[in-house]
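Just so it is clear: chains get the letters A, B, ... in the order the sequence lines come, proteins before strands, and each one is counted from 1.
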Amino acid sequence: MAGRSHVEEARRATLERLRERGIDPFAYRYERTHTTAQALAGFDPDTAGTVRLAGRLVALRGHGKTTFAHLEDGAGRMQLYFRRDEVGDEAYELVKLLDLGDVIGIEGDVFRTRTGEITVRARAVTLLTKALRPLPLGKSDAAGDVHGGLADPETRYRQRYADLAVHPDVREVFRVRARAISYVRAFLDERGFLEVETPVLQPLYGGAMARPFTTHHNSLDRNLYLRIATELYLKRCVVGGLERVYEIGKDFRNEGIDRLHNPEFTMLEVYQAYADYTDMMALTEEMVAGVVQHVTGGVRIERFGRLLDFSPPWPRRSYLELVHEHAGVDLRTADDDALRAPLRTRGVEALDALPRTKLVDEIFKEFVEPTLQDPSFVVDFPIEVSPLAKPKRGDPILAERFEFFVFGRELANAFSELNDPDDQRRRFAAQVAARAAGDDEAQRMDEDFVRALEYGMPPTGGMGLGIDRLIMVLAKQTSIRDVILFPMLRAET
RNA sequence: GCGCCGCUAGCUCAAUUGGCAGAGCAACUGACUCUUAAUCAGUAGGUUCCCGGUUCGAUUCCGGGGCGGCGUACCA
């Protein structure tokens, strides 16, 4: 590997010196008795005990025959104090060869320094892993401000290992993520939902409006798609008698990348037989409020300067009313030109080419979505933009469908699932026609799915929740990249 | 896709009108037995993202390209 920096050359020289002393720079294991947090919490000045800690050196201050350091592990950080006369000449020589970023094990007694910091007075030190590349560790001053460190966003995403290694708060985001997902699983498991896994590689994609990734299976010699949703397979499960199912997994959509979109993202989909969309509203409220409570300790939380109240029930606003209120258009009576008029005032381009469904969608996005800042449901969508949802009882131009919004962003989408196979076939046919007219996100005819419905799917409520976007709210992140460990980037040059 | 901004030492950042490319931290040598952005003395470290152009001379100006951020469009 060419282009080694002089810092790396120095580390490799140190590596050789360690080996000459018979020290293995890449040890096999270490028996630790405490984490730093346990050692700090358990400190008692009268019964100062011995601890064995392991972690990464994140600060190092040599003073001749003494050395201070900070060790960071998965639980926190703790100061170390080495004295030549206490660890011995040989061990102290090793201490002098330690670098920032090295992983070490330390054994010693816990005490409090003159300046008051609880510290381990080292008796023995073990090198566990030599860091051959310098970590961009910043220095924190008394005010807590970090000097130096790793700031370049490109390096942070490309080398997430370095980002994580130097930023405990980044590690915390992914702990929040794990806690949230684990809560969702427990919540659904307790209510009798069965977690299932359905195909990622699909002969036909469906269940959402999006362009897919295409791949090829060599021995079958056929093209396959990466799924854009789990919906159609999960409903096949319900047909088969798995009455309550859910899946948490990656969907893949071949679209642009921005702070709200990553080409692969995590979606929860839940289906419950004998339920409708009102049941799914109750489920969504209870589950999301539970996650928020579990992760943050409360259901009323402040995020980005706004107080969000997740305690059920959430406000429910009708799609038609919202459009009328914010765009001044009555979708029941307005013709296409009446839909274009308000859009023109907002400078939306290329309206003439758009079919009515897109105009409606555009009005909702432009005029209504930005107003949906607090947690709320939008209910009863136009049926022509809801090809997998049942008609609304008593008002068949609408579908029994809702979306859940926070900060003007859709986090969840749910329906009373369409289970009339003939109607489903007609809806697919309309999608196929839209595709023929140029809508490359329209759905495909899925004859196998219609066949499944012909066997009879019980009345079913279904809901999909964008996990990454929920995590953004919980973990106070403004970019989806910051809640995905390894977000999609262009090739490194 | 499009628009704006950025890319300089391992890291964080400077560099006047186009005039020898600098600092702090990290590194190296030395001093230092309660320090904490440790301190002190000294040393070394550069394809200024890449390609081309203008110029006596380009980190700087111009053109093209790469990567990233933000905004916008599509989408969850």
- Partner nucleotide, any strand, of B:G57 [Watson-Crick/G-U, under 3.5 Å]: none
- Checking all strands, does A:G138 fall into the base, sugar-phosphate, or nothing category for heavy-atom contacts under 4.0 angstrom? nothing
- Could you measure between the two P atoms, the one in B:G63 and the one in B:G6, and give it in whole Å? 14 Å
- For B:A37, which nucleotide in any strand shown is its Watson-Crick or wobble partner with both distances under 3.5 Å? none
- Query: Which class fits the ring pair A:F404 and A:W314: parallel under 30°, tilted 30 to 60°, perpendicular over 60°?
  - Reply: parallel
- Item | Out of B:G69, B:U33, B:A27, whichever nucleotide has its closest atom nearest the side chain of A:L489 | B:G69
- Could you tell me whether a side-chain N or O of A:R171 sits under 3.5 Å from a main-chain N or O of A:L164, the two making a donor and an acceptor? yes
- Among B:C32, B:U12, B:A37, the one nearest any side-chain atom of A:D141 is B:A37
- Message: Is there a side-chain contact between A:R11 and the phosphate of B:A26, meaning an N or O under 4.0 Å from OP1 or OP2?
- Response: no
- Distance, C1' atom - from B:G3 to B:U17, rounded to whole angstrom: 30 Å
- Task: Would you kindly say whether A:Q79 and A:T113 are connected by a side-chain donor-acceptor distance under 3.5 Å?
- Result: no
- Message: With a 3.5 Å cut-off and heavy atoms only, can you find an N or O donor on one side and an acceptor on the other between the side chain of A:Q79 and the base of B:U35?
- Response: yes
- Any ion pair linking A:K358 and A:D361 (charged N to carboxylate O, less than 4.0 Å)? no
- Task: Please say whether the positively charged group of A:R177, taken as NZ for Lys or CZ for Arg, lies over the ring of A:F174, i.e. under 6.0 angstrom from the six-membered ring centre and within 45 degrees of the axis.
- Result: no
- Sticking with atom P, work out how far B:A15 lies from B:C20, rounded to a whole angstrom. 15 Å
- Please determine, for the side chain of A:T113, which listed nucleotide (B:C34, B:A26, B:G68) has the closest atom? B:C34
- Query: With rounding to whole Å, what would you report as the distance between B:U48 and B:A41 at their C1' atoms?
  - Reply: 31 Å
- From B:U35, B:C74, B:G10, nucleotide with atom closest to A:V7 side chain: B:G10
- Task: Using whole Å, report how far CG of A:L132 lies from P of B:G10.
- Result: 17 Å
- Is A:H6 stacked on the base of B:G45, meaning ring centres closer than 5.5 Å and planes within 30 degrees of each other? no
- Does the pair A:D482/A:R259 count as a salt bridge with the N-to-O cut at 4.0 Å? no
- Query: Looking at B:C70, B:C34, B:G69, which one has an atom nearest to any side-chain atom of A:T66?
  - Reply: B:C34
- Integer-rounded Å distance: B:C40 P and A:H63 NE2: 12 Å
- Message: Work out how far the C1' atom of B:U8 is from that of B:C50, and round it to whole angstrom.
- Response: 15 Å
- Any idea which of B:G68, B:C70, B:A26 is nearest the A:R490 side chain? B:G68
- Specify the separation, in whole Å, of atom NE2 of A:H147 and atom C1' of B:C25. 10 Å
- Message: From the set B:C34, B:U33, B:A37, return the single nucleotide nearest to any side-chain atom of A:R114.
- Response: B:C34
- Task: For the pair A:E269 (side chain) and A:E231 (backbone), establish whether a donor and an acceptor sit closer than 3.5 Å, ignoring hydrogens and angles.
- Result: yes
- Query: Which of these nucleotides, B:G69, B:G71, B:U35, is closest to any side-chain atom of A:P153?
  - Reply: B:G69
- Answer yes or no: is there an ion pair linking A:R158 with A:E154, defined by an N-O contact shorter than 4.0 Å? yes
- Query: Toward the 5' end of RNA chain B, which comes first, A:R17 or A:P263, by nearest nucleotide?
  - Reply: A:R17
- Touch check for A:A210, heavy atoms < 4.0 angstrom, all strands: base, sugar-phosphate only, or nothing? nothing
- Message: Need the pair for B:C20. Rule: Watson-Crick or G-U wobble, both distances under 3.5 Å, any strand; none if unpaired.
- Response: none
- Message: Counting the atoms with a prime plus P, OP1 and OP2 as sugar-phosphate, which does A:M209 contact under 4.0 Å by heavy atoms, base, sugar-phosphate, or nothing?
- Response: sugar-phosphate
- Item | side-chain contact (heavy atoms from CB on, under 4.5 Å) between A:L97 and A:R21, worked out | CA-CA 11 Å; A:L97 292 176; A:R21 289 166 181 275; 3.8 Å; yes
- Using a cut-off of strictly less than 4.0 Å, decide whether A:R61 has a side-chain nitrogen or oxygen near OP1 or OP2 of B:A38. yes
- A:E366 atom CD is separated from B:U72 atom C1', nearest whole Å, by 11 Å
- Query: Can you find a donor-acceptor N/O pair under 3.5 angstrom joining the side chain of A:D258 to the base of B:C74?
  - Reply: yes
- Message: Tell me which nucleotide, if any, is Watson-Crick or G-U wobble paired with B:A14 when both distances must be under 3.5 Å.
- Response: none
- Nearest to the side chain of A:E117 - B:U35, B:C74, B:A27? B:U35
- Should A:K139 be listed as having a side-chain N or O under 4.0 Å from OP1 or OP2 of B:A38? yes
- Item | For atom CZ of A:R156 and atom C1' of B:G68, their distance in whole Å | 13 Å
- Query: Roughly, in whole Å, what's the span from CG in A:D361 to P in B:C74?
  - Reply: 9 Å
- Item | A:E154 CD - B:G10 P separation (whole Å) | 16 Å
- Task: Determine the contact category for A:N262: base if any of its heavy atoms lies under 4.0 Å from a base atom, sugar-phosphate if only primed atoms, P, OP1 or OP2 are that close, otherwise nothing.
- Result: base
- Message: When the C1' atoms of B:C34 and B:G46 are compared, how many Å lie between them, rounded to an integer?
- Response: 40 Å
- Message: Which nucleotide, if any, forms a Watson-Crick or G-U wobble pair with B:G45, using both distances under 3.5 Å?
- Response: none
- A:K65 NZ to B:U33 P, straight-line distance once rounded to whole Å: 5 Å
- Note on the structure: Comparing A:R84 with A:D468, nearest RNA chain B nucleotide closer to 5' gives the residue A:R84
- Query: For A:R211 and B:C74, is the shortest distance between a side-chain N/O and OP1 or OP2 below 4.0 Å?
  - Reply: no
- Query: Distance under 6.0 Å and angle within 45° of the ring axis: does A:R401 meet both against A:F381?
  - Reply: yes
- Message: Heavy atoms from C-beta onward define the side chain here; which of B:C74, B:A26, B:G10 lies closest to that of A:E441?
- Response: B:C74
- Interatomic distance at C1', B:A73 relative to B:A58, whole Å: 37 Å
- Query: Does any N or O donor sit under 3.5 Å from an N or O acceptor when you compare the side chain of A:R83 with the base of B:U33?
  - Reply: yes
- Mate of B:U72 across any strand shown (Watson-Crick or G-U wobble, both atom pairs under 3.5 Å) is B:G1
- Message: Classify A:G466 by what it touches in the nucleic acid, base, sugar-phosphate, or nothing, heavy-atom distance under 4.0 Å.
- Response: nothing
- Message: Suppose we define a pair by two distances each less than 3.5 Å, Watson-Crick or G-U wobble; what does B:G52 pair with here?
- Response: B:C62
- Taking the P atom of each, how far is B:U36 from B:U43, in whole Å? 26 Å
